[in-house]
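The figures that follow rest on heavy atoms only: side chains count, while hydrogens, waters and symmetry mates do not.
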Amino acid sequence: MLTLNQAANILKQDQLLREIVIGDDWRFEVPANLKDRRLQFLSYDSRRIAPDTLFMCKGLNFNEKYLEDAIDKGAVACVTENVYAGKDQKQVVQLVVNDVQKAMALLAREFYNNPQQELKVIGFTGTKGKTTSVYFARHLMNEVFNHKVAQLSSIAECLDGEHFEEAHLTTPESLDLFRIQSHWTCSG
């Protein structure tokens with residue numbers, strides 16, 4: 001969990017925050033009455049919103065209707081590269097940034113308490129043979145680490161060390177990756 005003030009400070013540290021917009025009020029600091037506002041959830045999908053969500057307006061052609069939908073479902077703040085002036089814009093705190101993708105990664109890392117610090121992570125890059133190498137390495141490591149080796153690949157994901165599901169993205173969004181890693185550190 002993060003507060004609105006913590007989120008703004010994380011973005012400032014990496015020089016990503018340009019403005020904080022609340023209705024017609026443009027500023028660089030979170031107002032005193034909102035500093036301790038708790039952000040209980042992070043999401044970039046307007047279909048997956050709960051009360052007190054920080055919503056990420058990502059994508060080159062982000063459609064404002066998704067922000068409006070997120071606000072209707074309980075989003076209290078958003079991270080965006082563009083200031084929105086729609087019907088609900090006065091109800092949401094807009095953290096206007098230079099790069100939503102980078103902001104989302106930094107915020108997710110802190111929101112999920114830096115789970116990557118407790119995990120051993122291996123990555124495969126290159127042109128050919130990545131998937132084969134991933135499956136081979138996972139099989140070997142699974143024997144050594146008592147079937148507690150997860151896998152993310154372009155074909156399948158294995159999050160519990162044993163069961164596979166079809167992958168939906170070649171590379172998970174940073175927010176999803178930190179959430180998944182957080183699950184691994186909690187389930188041990």
Is there side-chain contact between [X] and [Y], with heavy atoms separated by less than 4.5 Å?
| X | Y | answer |
| --- | --- | --- |
| Val97 | Thr80 | no |
| Leu39 | Val76 | yes |
| Cys78 | Leu95 | no |
| Asn5 | Asp36 | no |
| Leu17 | Asn98 | no |
| Lys120 | Phe145 | no |
| Val21 | Tyr84 | no |
| Val96 | Ile20 | no |

Between [X] and [Y] (side chain of the first, backbone of the second, donor and acceptor by atom type, cut-off under 3.5 Å), is there such a pair?
| X | Y | value |
| --- | --- | --- |
| Asp99 | Gln101 | yes |
| Lys35 | Thr3 | no |
| Ser43 | Arg48 | yes |
| Asp52 | Gln40 | no |

Quick one: [atom1] on [X] to [atom2] on [Y], what's the gap to the nearest 0.5 Å?
| X | Y | atom1 | atom2 | value |
| --- | --- | --- | --- | --- |
| Phe55 | Ile71 | CZ | CD1 | 9.0 Å |
| Gln151 | Glu157 | CD | CD | 9.0 Å |
| Leu4 | Leu34 | CG | CG | 6.0 Å |
| Glu110 | Leu42 | CD | CG | 11.5 Å |
| Asp45 | Thr53 | CG | OG1 | 11.0 Å |
| Ile22 | Gln94 | CD1 | CD | 9.5 Å |

(message) Within the 3.5 Å criterion, strictly below it, is a donor on Asp176 or Tyr44 matched to an acceptor on the partner's side chain?
(response) yes
(message) Among residues at least two apart in sequence or on other chains, which ones pass side chain to side chain donor-acceptor pair (under 3.5 Å) with Lys73?
(response) Asp69
(request) Name all residues meeting the side chain to side chain donor-acceptor pair (under 3.5 Å) criterion together with Glu81; count only those two or more places apart in sequence or in a different chain, and write none if there are none. (result) none
(request) With side-chain contact (heavy atoms from CB on, under 4.5 Å) as the test, would you mind laying out the steps for Leu2 and Leu54 before giving the verdict? (result) CA-CA 10 Å; Leu2 292 173; Leu54 174 59; 5.5 Å; no
So, for [X] and [Y], which heavy atoms are closest and what is the spacing to 0.1 Å?
| X | Y | value |
| --- | --- | --- |
| Ala70 | Ser46 | N-CB, 4.2 Å |
| Arg109 | Pro115 | O-CD, 4.1 Å |
| Val134 | Phe124 | CG2-CD1, 3.4 Å |
| Ala105 | Phe178 | O-CE1, 3.5 Å |
| Ile49 | Ala75 | CG2-N, 3.7 Å |

(request) Look at Arg27 together with Asp25 and state whether they make a salt bridge at an N to O cut-off of under 4.0 Å. (result) yes
(message) Show, in sequence, the C-alpha distance, side-chain angles and deciding distance for Phe62 and Leu67, and conclude whether the side-chain contact (heavy atoms from CB on, under 4.5 Å) test is met.
(response) CA-CA 9 Å; Phe62 180 79; Leu67 175 58; 4.0 Å; yes
(request) Please assess Tyr112 against Arg179 for the test side-chain contact (heavy atoms from CB on, under 4.5 Å), listing each intermediate value before the final yes or no. (result) CA-CA 6 Å; Tyr112 290 108; Arg179 180 183 44 76; 3.6 Å; yes
Over 12 foreign heavy atoms within 6.0 Å of [atom1], [X]:
| X | atom1 | result |
| --- | --- | --- |
| Tyr66 | OH | no |
| Glu143 | CD | yes |
| Phe164 | CZ | yes |

(message) Please evaluate residues Glu29 and Lys12 with respect to the criterion side-chain contact (heavy atoms from CB on, under 4.5 Å), reporting the C-alpha separation (whole Å), side-chain torsions for both, the decisive distance (0.1 Å), and the verdict.
(response) CA-CA 10 Å; Glu29 299 294 329; Lys12 285 178 189 177; 2.9 Å; yes
(request) Tell me whether Leu119 is reachable from Val149 by hopping between hydrophobic residues (I, L, V, M, F, W, Y) whose side-chain heavy atoms are closer than 4.5 Å. (result) no
(message) Do Phe28 and Val79 land in one hydrophobic cluster if side-chain heavy atoms of ILVMFWY residues count as linked below 4.5 Å?
(response) yes
(request) Could you note down all residue pairs passing salt bridge (charged side-chain N to carboxylate O under 4.0 Å, His left out) where residues 127-140 supplies at least one of them, sequence neighbours left out? (result) none
